[in-house]
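A quick write-up on the structure given underneath.
Residues: numbered from 1 along the sequence shown.
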Amino acid sequence: MSGIVSGGHCLPCGQWCAETVVVAVVEVNSGPGRLVRACLPHAREYAAYPLAPAWLRDDLAALEGE
């Protein structure tokens, strides 16, 4: 995906964050899908789950390397 994206609401904590991380992509049959965003601490939590997408772990690893 793309790592840190523009500001938005963190889904788990509901707070507005200046920088968020995409943690999921919701695809639908008709109409636009959407991105699920989280603050960096919650994104790290999501990445620790066994079923987390590999791209999320890759994005966070790239951010940690910066």
Side-chain angles (χ1 to χ4, degrees):
M1 293 300 310
S2 62
I4 290 184
V5 294
S6 63
H9 283 94
C10 172
L11 183 65
C13 64
Q15 299 294 318
W16 176 263
C17 303
E19 296 179 330
T20 58
V21 177
V22 174
V23 295
V25 178
V26 178
E27 297 181 17
V28 296
N29 290 335
S30 175
R34 70 180 194 114
L35 301 176
V36 178
R37 300 174 181 194
C39 60
L40 193 53
H42 281 122
R44 288 184 184 122
E45 263 184 52
Y46 279 138
Y49 291 127
L51 296 177
W55 55 260
L56 176 56
R57 289 188 278 274
D58 294 343
D59 283 354
L60 290 174
L63 290 172
E64 298 296 325
E66 290 179 357

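Within the model, atoms CG of Leu51 and OH of Tyr46 stand 13.5 Å from one another, a figure rounded to the nearest 0.5 Å.
Closest approach of Val22 to Leu56, counting heavy atoms only: O-CD1, 3.6 Å.
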Sequence neighbours left out, cut at 3.5 Å: what donor-acceptor pairs do the side chains of residues 23-43 make with other protein atoms?
{"unit_1": "Arg37", "atom_1": "NH1", "unit_2": "Ser6", "atom_2": "O", "d": "3.3"}
{"unit_1": "Arg37", "atom_1": "NH1", "unit_2": "Gly7", "atom_2": "O", "d": "2.8"}

With a 3.5 Å cut-off and sequence neighbours excluded, list the donor-acceptor pairs that the side chains of residues 8-18 form with protein atoms.
none

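The list of salt bridge (charged side-chain N to carboxylate O under 4.0 Å, His left out) pairs with a residue in residues 42-51, not counting sequence neighbours, reads Arg44-Glu64.
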